[in-house]
Number of protein chains: 2
Amino acid sequence: MRPERTIQDIVQEGGKYFMPSVSLDCVIFGFHENELKVLLLKMKNMDQWALPGGFIYKDEDIEDAATRVLRERTGLHDIFLQQFKVFGLPNRSDKKHHLNIMKKDGIKVGKDHWLIQRFITVGFYALVDFAVVIPEPDMNSVSCEWHEIHSISELFMDHKDILDNALETLRLQLNHQPIGYNLLPQKFTMPELQKLYETILDKKLDRRNFQRRMNGFGFVKRLKETRKGGAHKAPFLYNFDLRKYKKALQEGLQGGW
Amino acid sequence: MRPERTIQDIVQEGGKYFMPSVSLDCVIFGFHENELKVLLLKMKNMDQWALPGGFIYKDEDIEDAATRVLRERTGLHDIFLQQFKVFGLPNRSDKKHHLNIMKKDGIKVGKDHWLIQRFITVGFYALVDFAVVIPEPDMNSVSCEWHEIHSISELFMDHKDILDNALETLRLQLNHQPIGYNLLPQKFTMPELQKLYETILDKKLDRRNFQRRMNGFGFVKRLKETRKGGAHKAPFLYNFDLRKYKKALQEGLQGGW
DNA sequence: CATTCATTGCGTCTATATGACACAATGATA
DNA sequence: TATCATTGTGTCATATAGACGCAATGAATG
């Protein structure tokens, strides 16, 4: 367990215990009300939103650092996460920007301060069950909220680029990673699963063919319950047979969408 | 253009112009005599082989740094390369090892020297036309040679892990990246293309179905020439219709292998 | 120069998968 | 009780994948 740090401690002493020049950022996906969402932070003193991120302790594995950040923002301990790209353009961070932020916090930093060096960032995407997340802002932000994926037009620094890349990765890995399993609650309906696929693929799918195909894969199990309360016919609930699901994903699901 | 550096200059002054704690390594694939090969460096004073790698200048884009390393090892200027993973375990570099190497070179370094800090490395894979590469060792190596992919059992540090990951990435991206185009010479035969696929997939494919399918994609064009000189029937030569190839790859080639 | 032989090019057949669509059943609402 | 959007199941034509047959080719052989 890593100690809690104040913002002052990190700014002044972080250079001693964090790796220099390397950060990480997380695109945390959730699925709610048939929409794909991303967890974003509203930054202090600014009218901008940013991806949750953090630094890596000098003796800490990068994946562990991502896990730590995810735990701090969501309250969850076991999260599916996947590194997907390094963002390393030399001018990706706005140094003046960072200096201003620190000035506003009343912190003075020199020109060779560790925080205003060039940083590269390792992009992770994470898949969580929306319902069990308790969003928690970090020390640089005033709020932590879900945003519908298609309503996000601009983010801090290059975070929009990171987000777009994460979504593209999700699309490419749909047949190889347990994306449905990690984004949906344990019990879900076929229309929900379909909507998830449609959102990620950004494409309409035929309801009946989708269902036939999903059942054909053999890793979703229909329960005896239905989801009552909707305005129309109550759809059956399903859950994943995790063993079969993972086995199928190892080979990669056959066929395109 | 970056200046040429001596090993002494890099060890003693590198901390001033290279990013700290970040390196890159390249898995350079080539295809020759129906075998998939990787370009490796034989390290000085050691009985070990390593991937070509390097550091990143403080004002240099990571992809540019990889391009630079690739140019230095192969003599090529336009190389297809793709970042695929960051390797960041805290203990991945063997510090004693590095100290010993420098000792042998007669270079003394302190405990907080930039080169013996923890390093994370960005893995790139590159695809080149075997025939036009002129392998060139770097300052830490005595030779630079092609190795058949399946004959490599052990490499320096975690480089075998990096190699395995690159090959796995190649497999996953076979339907999305111009892998055939970049690994084969301009003119190639259908059996050659098939062998390339079989090597990457590590799986036998039916000759006749492979050919039918490839032709069906519509991005290979059969020439009027044949490859004479083989012991048997001379197969036709083909080349890629790059426009159609890239268009097909954008959607991803349909179907599995 | 005719024969041999592994390889290549082209084609066939069948089982299966895919895409488009019809229709009845359901369950809340009016 | 009728309405209506939605869900569950099935059908049909077509496309595709996998398995395999066979003739053509071109170097090697004697």
Side-chain angles (χ1 to χ4, degrees), chain A residues 33-35 174-175 180 184-185 187-199 201-239 244 248-249 251-257, chain B residues 33-35 174-175 180 184-185 187-239 248-249 251-257:
Chain A
E33 289 177 345
N34 275 344
E35 285 181 341
L174 198 52
N175 280 358
L184 293 171
K187 299 176 182 181
F188 56 91
T189 66
M190 210 39 102
E192 283 164 5
L193 183 60
Q194 183 184 342
K195 196 73 177 79
L196 175 58
Y197 270 71
E198 289 182 340
T199 307
L201 295 166
D202 200 21
K203 172 199 287 193
K204 283 262 166 224
L205 301 173
D206 182 274
R207 182 179 61 85
R208 297 151 289 189
N209 295 334
F210 177 85
Q211 207 155 137
R212 174 163 42 123
R213 186 138 169 239
M214 268 298 155
N215 285 320
F217 288 138
F219 51 66
V220 289
K221 206 169 62 209
R222 193 168 88 177
L223 307 176
K224 295 201 164 63
E225 320 162 55
T226 56
R227 162 104 71 225
K228 311 260 180 188
H232 303 288
K233 177 171 180 176
F236 280 102
L237 286 167
Y238 289 77
N239 62 17
K244 288 181 186 171
L249 289 171
E251 302 289 313
L253 303 191
Q254 288 305 18
W257 298 97
Chain B
E33 290 177 343
N34 276 341
E35 286 180 339
L174 199 50
N175 281 359
L184 293 171
K187 299 177 182 180
F188 56 90
T189 67
M190 210 40 103
E192 283 164 6
L193 183 59
Q194 183 184 340
K195 195 74 177 79
L196 174 58
Y197 270 71
E198 289 182 339
T199 307
I200 291 174
L201 296 166
D202 200 21
K203 173 199 286 193
K204 283 263 166 223
L205 301 173
D206 182 274
R207 184 179 59 85
R208 297 150 290 188
N209 294 334
F210 178 83
Q211 206 154 139
R212 172 161 43 107
R213 185 139 170 237
M214 267 299 153
N215 285 320
F217 288 138
F219 51 68
V220 288
K221 205 170 61 205
R222 194 168 90 178
L223 308 177
K224 292 200 165 66
E225 319 163 56
T226 57
R227 163 102 74 227
K228 310 262 181 188
H232 303 288
K233 176 169 180 176
F236 280 103
L237 286 167
Y238 289 78
N239 62 17
L249 289 172
E251 303 289 312
L253 303 190
Q254 287 306 18
W257 298 95

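Predicted model, so just to flag it, every value in this text is computed and none were measured. Just so it is clear: chains get the letters A, B, ... in the order the sequence lines come, proteins before strands, and each one is counted from 1.
Interface residues of residues 209-220 of chain B facing DNA chain C, ordered by number: B:Q211; criterion, heavy-atom separation under 4.0 Å.
Taking every side-chain heavy atom of B:K228 into account, D:dG26 is the closest of D:dG26, D:dG8, C:dT8. The side chain of B:F236 has C:dG9 as its nearest neighbour among C:dG9, D:dG8, D:dG26.
Rounding to whole angstrom units, CG of residue B:D206 and C1' of C:dG9 are separated by 13 Å. Between the CE atom of A:M190 and the P atom of D:dG8 there is a distance of 8 Å, given to the nearest Å. When the C1' atom of C:dG9 is taken as reference, atom CD of B:Q194 falls 13 Å away, rounded to whole Å. Atom CZ in A:R208 sits about 17 Å away from atom P in D:dA13, given to the nearest Å. One atom, NZ of A:K195, and another, P of D:dT6, lie 12 Å apart when rounded to the nearest Å. In this entry the distance linking CG of A:L205 with C1' of C:dC21 reads 16 Å, nearest Å.
Distances shorter than 4.0 Å separate some side-chain N or O of B:R222 from OP1 or OP2 on C:dC10.
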Determine whether A:K203 and A:Y197 satisfy the following criterion, side chain to side chain contact (heavy atoms under 4.5 Å, CB included), listing intermediate values before the conclusion.
CA-CA 8 Å; A:K203 172 199 287 193; A:Y197 270 71; over 6 Å; no
With side chain to side chain contact (heavy atoms under 4.5 Å, CB included) as the criterion, how do B:R207 and B:F210 come out once you've worked through the C-alpha distance, each side chain's angles and the decisive distance to 0.1 Å?
CA-CA 5 Å; B:R207 184 179 59 85; B:F210 178 83; 6.0 Å; no
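Along DNA chain C, the nucleotide closest to B:P191 and the one closest to A:H232 are compared, and the more 5′ of them pairs with B:P191.
In this model, a side-chain donor or acceptor of A:R207 finds a partner on the base of D:dG8 within 3.5 Å. Between the side chain of A:K233 and the base of D:dT7 there is at least one donor-acceptor pair of N/O atoms closer than 3.5 Å.
Summarising the geometry, atom CG belonging to B:N215 is positioned 6.0 Å from atom CD belonging to B:Q211; distances are rounded to the nearest 0.5 Å.
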